[in-house]
Amino acid sequence: MIIKCPNCSQRISNKAHACPHCGLDMGSGEGLSADQAAERVRRDRKYRLDMNTYGAMAVTMAGAIWMYFSSDGLTGEIGFWPTACLAAGALWYVAVRVYSIALRFKS
């Protein structure tokens, strides 16, 4: 039977030990079925996306707190580095969320 590789979405045999396109171990050596290997890949991808989301939120909050305290409660001049930290964290967060939504629609 032909299935889609959970990593690269190429068509492969369900009896393949590894994807010939991306090299993903399909788990046949560990006693895992192709469905179990696919579920493992999805779970690992979701975990990495969640960790990136939390990292982006932490950088954004650190930038906001740094900006607040370095400018006397936003009444003084705001420095470049706190603003850059805030912007980088926000852009990182948006990029991760867009990527996760794109993956959801791809599945």
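All residue numbers in this chain count up from 1 along the given sequence. Values reported hereafter were calculated over all heavy atoms of this structure, with side chains retained and with hydrogens, waters and symmetry mates removed.
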*Indicate the atoms forming the closest heavy-atom contact of Glu77 with Ser71, along with that distance.*
O-CB, 3.6 Å
*Nearest atoms (heavy-atom pairs only) where Leu49 meets Ser100*: CD1-CB, 3.8 Å
*Are Trp81 and Trp92 co-members of a hydrophobic cluster defined by side-chain heavy atoms under 4.5 Å apart?*
no
*Which pair of non-hydrogen atoms, one from Arg11 and one from His21, has the smallest distance, and what is that distance?*
O-NE2, 3.9 Å
*Honestly curious: do Met51 and Leu103 fall in one hydrophobic cluster under the side-chain, below-4.5 Å linking rule?*
no
*State, to 0.1 Å, how close Thr60 and Leu86 come at their nearest heavy-atom pair, and which atoms those are.*
O-CD1, 3.3 Å
*Applying side chain to side chain contact (heavy atoms under 4.5 Å, CB included), name anything that partners Leu91, two or more places apart in sequence or on another chain.*
none
*Give a yes or no on whether Val41 and Tyr47 share a hydrophobic cluster (residues Ile, Leu, Val, Met, Phe, Trp, Tyr; joining criterion: side-chain heavy atoms under 4.5 Å apart).*
no
*asked:* Can you list everything that forms a side-chain hydrogen bond (donor to acceptor under 3.5 Å, both in side chains) with Lys46? Sequence neighbours excluded, please.
replied: Asp50
*Roughly how far apart are Gln10 CD and Cys22 SG, rounded to 0.5 Å?*
8.5 Å
*Neighbour count >12 (heavy atoms, 6.0 Å) for atom CE, Met61*: no
_Test log, rule side-chain contact (heavy atoms from CB on, under 4.5 Å), inputs Ile3 and Ile12_ = CA-CA 6 Å; Ile3 61 172; Ile12 60 171; 4.0 Å; yes
_I need the minimum non-hydrogen distance between Ala18 and Gly23, along with the two atoms involved._
CB-O, 4.2 Å
